[in-house]
Amino acid sequence: MRIAHLRDISVILFRELTMTETLMLKFTGTPQAYPDKRPAEARRSDFHEIYRSYIAEKAREQASRCSQCGVPFCQVHCPLQNNIPDWLRLTAEGRLQEAYELSAATNSMPEVCGRICPQDRLCEGNCVIEAGFKSVTIGAVEKYLTDTAWENGWVQPIMPVRDRSAQSVGIIGAGPAGLAAAEHLRLLGYAVHVYDRYDRIGGLLIYGIPGFKLERTS
Ligand code: SF4
């Protein structure tokens, strides 16, 4: 029984490895490609974001360049330890909702990080195929995933795991750190109040980062 069980596991692992080899590891034949820049004339008049989004095929293609490292240095050097290889693979497989859920599991604001994280010094700067083949375009794929999630209604409101609303927490500062803390405390069921001296929440995201890097909707 035990030997048969081990054989089953070997078959599953073999299938997984074969699938990975056929679907991923495309970095040798597929060049790195970032989303196109919008024309300067258009940007000069509206100050909207510089880069367009990937189309679905391009996001899948670029995600499939990942070599699925056993020790993923992209993840190691991500301050959030985002599970990058797995959501790249899900993207390459076209399982976009699962890819989004995985990326959002460790990140309160993946739509923001995909746009403004210094990827060249973090995940992409430490991608092992950077030397020679150029890194996987992790940030652009993350932005595509999250924008697709918003468009399709996959972003769900927070559902507290239990009711601790008899206890409330006040958070001073509605910047990214304060809002992320509020999300996690709310998830645990606490009543949360966030205070800020400015009339809009967001802190640095609203008052520090220009619109051509992070567009505002209002
Ligand atoms: S380091 Fe690069 S190639 Fe390796 S898992 Fe991360 S994104 Fe993929």
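Quantities reported herein were computed from a predicted structural model and do not represent experimental measurements. For ligands, and for the atoms within them, numbers begin at 1 and follow the listed sequence. Heavy atoms only: backbone and side chains are in, while hydrogens, waters and symmetry mates are out.
Cys127 SG, 2.4 Å is the protein heavy atom nearest to atom 2 (Fe) of ligand 1. Of the protein's non-hydrogen atoms, the one nearest atom 8 (Fe) of ligand 1 is Cys66 SG, 2.4 Å.
At least one N, O or S atom of Cys69, from either the backbone or the side chain, sits less than 2.8 Å from atom 4 (Fe) of ligand 1. Among the backbone and side-chain atoms of Cys74, an N, O or S atom lies under 2.8 Å from atom 6 (Fe) of ligand 1.
For ligand 1, the atoms sitting less than 4.0 Å from at least one non-hydrogen atom of Pro85 are 5 (S), numbered in the order shown with element in parentheses. The distance from ligand 1 to the heavy atoms of Leu88 drops below 4.0 Å at these ligand atoms: 7 (S).
Between the side chains of Thr137 and Tyr54, at least one donor-acceptor pair of N or O atoms lies under 3.5 Å.
Remark: Ile201 CD1 is loosely packed, at most 12 non-hydrogen atoms of other residues, nucleotides or ligands lying under 6.0 Å away.
Glu49 has a carboxylate O that lies under 4.0 Å from a charged side-chain N of Lys143, or vice versa, which qualifies the two as a salt bridge.
In terms of heavy atoms, Gly189 sits closest to Pro160 at CA-CB, 3.8 Å.
The aromatic ring centroids of Tyr207 and Tyr198 lie less than 6.0 Å from each other.
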